[in-house]
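Computed over heavy atoms, backbone and side chain alike; hydrogens, waters and symmetry mates excluded.
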Amino acid sequence: MNFQFNRSFLISGLLMLMFGLLAPLYSPYALAQIGLLQAHVIGVVQALVFFAFAWMWPQLTLPPFSKKIASISLYVSLWANWLGAFFVGVFGAAKEQYQCHYSIGWSRGFIQVHSSSYGVC
């Protein structure tokens, strides 16, 4: 059986999977550990995206220029997303984003709990 795939997407997928799995090892030194958890999840999920594109890319019937523009935009967007999440964890850009301070009063607590269910703390 002849199985065709795009080698550069496959290599990028393997690298992103490796970096995604190794990102939590830096967590004792990071300023925002939740950012490294995000980098871990993003790395693993986007590695699957790279693997899917590696399998799908040879079957695309696009002009060469369109394929080149699409591959460059895929590389830039997926790697920038992972690097951004990793730098958030390392430099602590979002360490206050996930800290919820609950108040004592029942009305404030009620509002705080309901707003935290929508991602607002």
Report the residues that fulfil side-chain contact (heavy atoms from CB on, under 4.5 Å) with L60, sequence neighbours left out, ordered by chain and then residue number.
->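 Scan of L60 (side-chain contact (heavy atoms from CB on, under 4.5 Å), adjacent residues dropped) gives M56, W57, L62, K67.
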Using the rule that Ile, Leu, Val, Met, Phe, Trp and Tyr join whenever any side-chain heavy atoms are under 4.5 Å apart, tell me whether [X] and [Y] fall into a single cluster.
{"X": "F87", "Y": "L25", "result": "yes"}
{"X": "I69", "Y": "F50", "result": "no"}
{"X": "L22", "Y": "Y29", "result": "yes"}
{"X": "M16", "Y": "V45", "result": "no"}
{"X": "V44", "Y": "V41", "result": "no"}

Determine the minimum heavy-atom distance between G89 and A30, stating which atoms define it.
->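 The pair with the smallest heavy-atom distance is O-CB, 3.3 Å.
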Might you point out which heavy atoms bring V88 and A32 nearest each other, and give the distance in Å?
->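 In this case the closest contact between V88 and A32 is O-CB, 3.9 Å.
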So how far is it from L37 CG to I42 CD1, rounded to the nearest 0.5 Å?
->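 Reported to 0.5 Å precision, the distance equals 9.5 Å.
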Say whether, by atom type as modelled, one donor and one acceptor occur between the side chain of H40 and the main chain of G20 under 3.5 angstrom.
->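 Looks like yes, one N/O pair under 3.5 Å.
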Report all side-chain donor-acceptor pairs from residues 4-11 shorter than 3.5 Å, counting only partners two or more places apart or in another chain.
from: N6; atom 1: OD1; to: S8; atom 2: N; distance (Å): 3.1
from: N6; atom 1: OD1; to: S8; atom 2: OG; distance (Å): 2.8
from: S8; atom 1: OG; to: Y75; atom 2: OH; distance (Å): 2.7

Is any side-chain heavy atom of L36 closer than 4.5 Å to a side-chain heavy atom of P24?
->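 Heavy-atom side-chain distance check fails, nothing below 4.5 Å.
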Can you list, pair by pair, the side-chain donor-acceptor contacts under 3.5 Å of residues 77-84, counting residues two or more places apart and other chains?
from: S77; atom 1: OG; to: S73; atom 2: O; distance (Å): 2.9
from: S77; atom 1: OG; to: L74; atom 2: O; distance (Å): 3.2
from: N81; atom 1: ND2; to: Q46; atom 2: OE1; distance (Å): 2.6
from: W82; atom 1: NE1; to: A39; atom 2: O; distance (Å): 2.8

